[in-house]
2 protein chains.
Amino acid sequence: MSFKQQLNDQFARLGKVLSNGRRLELLEHLAQGERSVDGLARVAGLSVANASQHLRRMQQAGLVVARREGKQVIYAIAADDVVELLDVFRRVGERHLAEVRQMVDAHLHEKDALEPVSAEELVERCRKGLVTLIDVRPEEEYEAGHIPGAMNVTIEDLERRMAELDPEREVIAYCRGPYCTFSFEAVARLREAGFRTRRLEPGFPEWKLAGLPISTEEKAAS
Amino acid sequence: MSFKQQLNDQFARLGKVLSNGRRLELLEHLAQGERSVDGLARVAGLSVANASQHLRRMQQAGLVVARREGKQVIYAIAADDVVELLDVFRRVGERHLAEVRQMVDAHLHEKDALEPVSAEELVERCRKGLVTLIDVRPEEEYEAGHIPGAMNVTIEDLERRMAELDPEREVIAYCRGPYCTFSFEAVARLREAGFRTRRLEPGFPEWKLAGLPISTEEKAAS
DNA sequence: GGCAAATTCAATTGAGTGGTTGAATAACTC
DNA sequence: GAGTTATTCAACCACTCAATTGAATTTGCC
């Protein structure tokens, strides 16, 4: 077997890691911040043993790193370029896999009724103090890092905490990324309740990757 | 099975396509330009039936497109973002797969003895008329598109045609991309023969992707 | 229509993968 | 050190995949 073939076989190992939906899901969660094995197993709906297997495989491929912290093993994305890869991967997938386009169109976008706000636009509007920014991810992920000035309101809390929002200000919601449904849902519900609302185009990982400021201050401070 | 899981399974299909060394090799060749099934089978060292299977699979995933031309079926990369994906994929692979780093270090780079020239630098030097640019890929790929002003000298022809090169000018060689060995080999041989030589950092696909000018003029014109 | 070339299809084989289960290991607590 | 919790290991089964082989299909040419 030629050198070229051996080399391509090595690269193919990376492809193998990305060739399983469960692993992609785990990577998506890890892109939000580091987590323990059973934390990941819970959010991804997998058995602990199964999640552990997938994580170990990704570790061998160098995409994630693990460290021990007491009884727990904490996994994290190995480097920013992995998030970048995931992003390109998703973009190409969305463009080229007919099935993805169909699924996304059918389930998520009510066409562009929920027209997104770009990162630049958000920065501008925040500066002017025109908007309320909400982070629709679970509390754990919010605490691991969020956009400065965002308040954490999960989907479950949304109805209950709507009263806290100023109806005069536009509400902008963001979540994990372009294929996370939280922000779509939040926007839909807030619209029903009469708010002017839009979703932020990038998710938190894309925001972070772009080098924009992030914050890890406690919930109370927002 | 949740929507999120289904969606990730769809994306995983893309990973599956990239999870095989032979397919990656075919994509690398296709990134040089379109080719027929048996042309691809020959350059990749596969049986025609096997190449056909791989190509059909990549077609189903939307990464390549096929068109009939007489008796032959011509395959081509579906869009530029596929080349971009391949590029990110290789970059991440090189950084994160320890085995790749080892193999590449051992076989290709005699460390940076063959320090590469960037695309910008080449454009600058070409403008000043300081360098001879050679394209070390097979004739077919050269004819499908090359950097303007480059002369096509394959590895096989190199020894024989060295006399055509001006020993006073620096010679810059390029080939298929960062994991193609042709330009390394050409540079090594030319150095032995006493030429000042370097290799171009990007390969032809990367050059094209960057939107830099390309030419398809006949060999005689160079 | 009959023949040849290029490609695809269909069936088969051996190897690898994903998920489950139950046992083994590691670290902390008492 | 016994007990508890978090993680990994090992064995297993059903399933998918890569490559080969030979037949079938499509197209062009006489």
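Labels below follow one simple rule: chain letters A, B, ... track the order of the sequence lines, proteins then strands, and each chain is numbered from 1.
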Phosphate OP1/OP2 of [N] contacted by [X] side-chain N/O (<4.0 Å):
X	N	result
B:Tyr75	C:dT8	yes
A:Arg23	C:dG18	yes
A:His54	C:dG19	yes
B:Ser52	C:dT8	yes

If each end axis of the helix from C:dG1-D:dC30 to C:dC30-D:dG1 is fitted on five C1' pair positions, the angle between them, to 10 degrees, is 20°
For the pair [X] and [Y], find out whether any cationic side-chain nitrogen is under 4.0 Å from an anionic carboxylate oxygen.
X	Y	result
B:Arg67	B:Glu69	yes
A:Arg161	A:Glu164	yes
B:Lys208	B:Asp80	no

Of B:Asn20 and A:Asp38, the one whose nearest nucleotide on DNA chain D sits closer to the 5' end is A:Asp38
Could you tell me if B:Arg13 and B:Gln10 have a donor-acceptor pair between their side chains, going purely by distance under 3.5 Å? yes
Quick one: side chain to side chain contact (heavy atoms under 4.5 Å, CB included) partners of [X], sequence neighbours excluded?
X	answer
A:Arg160	A:Asp157
B:Ala12	A:Leu24
B:Ala49	B:Ser47

Of A:Gly70 and A:Lys16, the one whose closest DNA chain C nucleotide lies more 5':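 Nearer the 5' end of the strand: A:Lys16.
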For a quick check, with a 4.0 angstrom heavy-atom cut-off, what is the B/S/- contact string for nucleotides 21-26 of chain C, read 5' to 3'? B-----
If you only use heavy atoms from C-beta on, which nucleotide in D:dC9, C:dC9, D:dT7 is closest to the side chain of B:Arg56? C:dC9
Of all the nucleotides listed (D:dT7, C:dG19, C:dT7), which has the minimum atom distance to the side chain of A:Arg22?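 Output: C:dG19.
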Return the residues of residues 57-66 of chain B meeting this criterion: a heavy atom under 4.0 Å from some atom of DNA chain D. Order them by number, or give none.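 Under 4.0 Å from DNA chain D: B:Arg57.
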Is a side-chain donor or acceptor of B:Asn152 paired with a backbone partner of B:Asp135 at a separation under 3.5 angstrom? yes
Sub-3.5 Å donor-acceptor pair from the side chain of A:Arg90 to the main-chain atoms of A:Gly93, do we have one? no
Rounded to the nearest Å, what distance is computed from the CD1 atom of residue A:Ile74 to the P atom of nucleotide D:dT5? 18 Å
Check every strand shown and say whether B:Ser19 touches a base, only sugar-phosphate, or nothing at a heavy-atom separation below 4.0 Å. nothing
